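Remember, predicted model here, so these are calculated numbers, not experimental data.
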Amino acid sequence: MENSDDSFVSVIIPLYNGEAFIGQTLQSVLNQTYKNLEILVVDDGSRDRAPEIVREFAENDPRIRLLQQANAGVAAARNRGIQEARGDFIAPIDADDLWQPDTLTKLIARFQQGDLNLGVVYAWSVDIDESNQLTGGFHAARVEGNVYKTLLCHNFLGNASSTLIRKTCLDQVGGYETQLKAQKAQGCEDWDLYLRLAEQYEFAVVPEFLIGYRKLNSGMSGNFQQMARSQQLMLKAIQNKHPEIPFYLYRISHSSFYLFLAQQSDINNHPRETLAWLWQAIKIDWITPICRLGWYVLLVKSLLKHLQSRESYPNVNRIAIPQALSFLSKPQLSINPLKIWLKVFVGNILHYSLSKI
């Protein structure tokens, strides 16, 4: 057991041309009810006003430190922040995401309930757009303990802004993988780190929506290709390291990730790319996709869009969310509790099944 009042937290924010949202992100960190923290903003060669905005905040709060470096990628920026960190815990947050005011308080409290083998605590997140509105997407799971095989099949944490990580555990496994950028395969750096942590340490969850994960609609099909390559390289390295893990788990991981990329292509209104990723998902593992309702929904939607050659459709995927987060200015959606329950239930079944392998 640990004394949460004595724990010092280092918040790490990688920054690259983020003038549009860095002020909101910093404010959400400064609004934390947990005050024993430092905020390290690592400017990765920005060419906009983002560093100036950080300096303005730093003038009013000495807990903020701006570190600057030539552009080297998000993984290198996060690693620079970790190297400079003085905290017992590392709290990563991207430069356009938002935290509820009690996020760190609740994550630290969950750590207090565990022992030194607990390396990562995560919370649930909702997707938000450029106006801080809920888009309908969310990440929710109750997977805890030894999560390695479950995490290999599916990144249930969802993003890089939803975790609190014990610093000594990070020191043991190393930081974020920087070589993916050199191979034009960025996108899975946080997933890769979580897997290395899960090899040695346990995970725990705060089952509450505490993070706003910003998803911006843009032409990102090229980035999706990089993300797919990033996952391929990550899984290949794991397969070489752990040949004892059944091969079908890697097929499930590939298939689930391709379905995720199909969902993102659909959000960006690219039906042809959506269909291509759906095909990749079923090509590598036909069992998993046909058991998921989302695969059929995306298939029908994308076929209709493609055949009718329309540029934009209403986002029929928008769902309800239980209650609005306090940092959302004009909540227009609520979360459907049934959908949350179903997602958590399926995740639990997967986790239980994999624990028996």
Side-chain angles (χ1 to χ4, degrees), residues 10-18 22 25 38-48 50-51 54 65-87 89-97 119-120 122 148 151-152 155 157-201 203 213-214 220 222-242 250 253-254 257 260-261:
S10 295
V11 179
I12 310 296
I13 307 177
L15 176 66
Y16 179 69
N17 293 344
I22 184 59
T25 298
E38 64 176 351
I39 305 166
L40 305 179
V41 182
V42 184
D43 174 39
D44 190 40
S46 294
R47 291 176 288 182
D48 64 2
V54 175
R65 282 197 286 157
L66 176 64
L67 308 174
Q68 294 187 284
Q69 63 182 33
N71 182 254
V74 64
R78 289 172 179 159
N79 286 342
R80 171 76 185 283
I82 293 169
Q83 292 167 3
E84 298 278 348
R86 298 170 296 184
F89 295 93
I90 301 297
I93 179 172
D94 285 343
D96 55 358
D97 292 343
V120 179
Y122 68 98
Y148 187 77
L151 185 59
L152 176 64
N155 183 9
L157 288 82
N159 56 74
S161 301
S162 60
T163 57
L164 184 65
I165 307 170
R166 194 187 301 276
K167 177 65 159 54
T168 55
C169 298
L170 268 176
D171 293 339
Q172 182 67 31
V173 305
Y176 293 89
E177 176 59 67
T178 59
Q179 294 305 307
L180 292 174
K181 176 179 171 60
Q183 300 176 74
K184 296 183 178 180
Q186 296 185 96
C188 290
E189 289 86 350
D190 54 324
W191 191 359
D192 171 77
L193 176 64
Y194 296 153
L195 281 165
R196 283 186 279 121
L197 286 163
E199 281 186 291
Q200 301 186 40
Y201 303 102
F203 283 43
Y213 176 54
R214 199 176 302 277
M220 294 182 62
N223 288 349
F224 294 160
Q225 293 288 346
Q226 281 200 32
M227 291 172 67
R229 177 168 169 75
S230 181
Q231 196 222 19
Q232 290 169 2
L233 292 174
M234 179 187 74
L235 292 184
K236 183 178 180 181
I238 293 172
Q239 195 170 2
N240 291 336
K241 185 178 181 180
H242 293 288
Y250 297 100
S253 183
H254 278 303
F257 193 62
F260 164 76
L261 294 178

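Looking at residues two or more places apart in sequence or on another chain, you find no side-chain hydrogen bond (donor to acceptor under 3.5 Å, both in side chains) involving R229. In this structure, the side chain to side chain contact (heavy atoms under 4.5 Å, CB included) partners of D96, at least two apart in sequence or on a different chain, are F21, D94, R214. Take K167 and apply the salt bridge (Lys or Arg N to Asp or Glu O under 4.0 Å) test, not counting sequence neighbours, and it matches D171. Qualifying side chain to side chain contact (heavy atoms under 4.5 Å, CB included) partners for Q200, counting only residues two or more places apart in sequence or in other chains: Q172, V173. K241 pairs by the salt bridge (Lys or Arg N to Asp or Glu O under 4.0 Å) definition with E199, not counting sequence neighbours. A search for salt bridge (Lys or Arg N to Asp or Glu O under 4.0 Å) contacts involving R196 returns D192, not counting sequence neighbours. Partners of Y148 according to the ring-ring contact (aromatic ring centres under 6.0 Å, His included) rule, which considers only residues two or more places apart in sequence or in another chain, are H242. The salt bridge (Lys or Arg N to Asp or Glu O under 4.0 Å) search around R86 returns E38, not counting sequence neighbours. Considering only residues two or more places apart in sequence or on other chains, D97 meets the side-chain hydrogen bond (donor to acceptor under 3.5 Å, both in side chains) condition with S161. When the ring-ring contact (aromatic ring centres under 6.0 Å, His included) test is applied to F260, the partners found at least two apart in sequence or on another chain are F257. Contacts of N71 classified as side-chain hydrogen bond (donor to acceptor under 3.5 Å, both in side chains), with partners at least two apart in sequence or in another chain: D44.
Between the CE atom in M227 and the CG atom in L180 there is a gap of 12.0 Å [rounded to 0.5 Å]. Atom CD1 in I90 sits 5.0 Å away from atom CD1 in I12 (nearest 0.5 Å). Atom CZ of F89 is separated from atom CG of L170 by 11.5 Å, given to the nearest 0.5 angstrom. One finds the CG atom of L261 at 11.0 Å from the CG atom of N223 (value rounded to the nearest 0.5 Å). One finds the OG atom of S253 at 7.5 Å from the CD1 atom of I238 (value rounded to the nearest 0.5 Å). Distance check: Y213 OH to N159 CG gives 5.5 Å after rounding to the nearest 0.5 Å.
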Distance-only donor-acceptor hits, side chain of residues 181-189, under 3.5 Å, sequence neighbours excluded:
from : atom 1 : to   : atom 2 : distance (Å)
Q183 : NE2    : Q179 : O      : 3.4
E189 : OE1    : G187 : N      : 2.9

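Heavy atoms only, all atoms of each residue included: A91 and L164 are closest at CB-CD1, 3.7 Å. Of all heavy-atom pairs between A95 and L15, the closest is CB-CD1, 3.8 Å. When all heavy atoms are compared, the tightest approach of T163 to Y122 is CG2-CB, 3.9 Å. Nearest heavy-atom pair across Y250 and Q239 is OH-CA, 3.3 Å. Nearest approach of G87 to S10, heavy atoms of both residues: N-OG, 2.8 Å. Across Y176 and D190, no two heavy atoms sit closer than the pair CE2-CA, 4.0 Å.
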CA sep, side-chain torsions, deciding dist, call: L195, M234, side chain to side chain contact (heavy atoms under 4.5 Å, CB included): CA-CA 10 Å; L195 281 165; M234 179 187 74; 4.0 Å; yes

Tell me, with the steps shown, if L152 and L235 meet side chain to side chain contact (heavy atoms under 4.5 Å, CB included). CA-CA 8 Å; L152 176 64; L235 292 184; 3.5 Å; yes

Please lay out, stage by stage, how E177 and L193 fare under the test side chain to side chain contact (heavy atoms under 4.5 Å, CB included). CA-CA 7 Å; E177 176 59 67; L193 176 64; over 6 Å; no

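Under the 4.5 Å side-chain criterion, counting only non-hydrogen atoms from C-beta, D43 is not in contact with V54. At a threshold of 4.5 Å between non-hydrogen side-chain atoms, the residues V74 and Y16 do not count as touching.
Without hydrogens or angle criteria, D48 side chain to G18 main chain gives a donor-acceptor distance under 3.5 Å. Judged purely by atom type and a 3.5 angstrom limit, W191 uses its side chain to pair as donor or acceptor with the backbone of L151.
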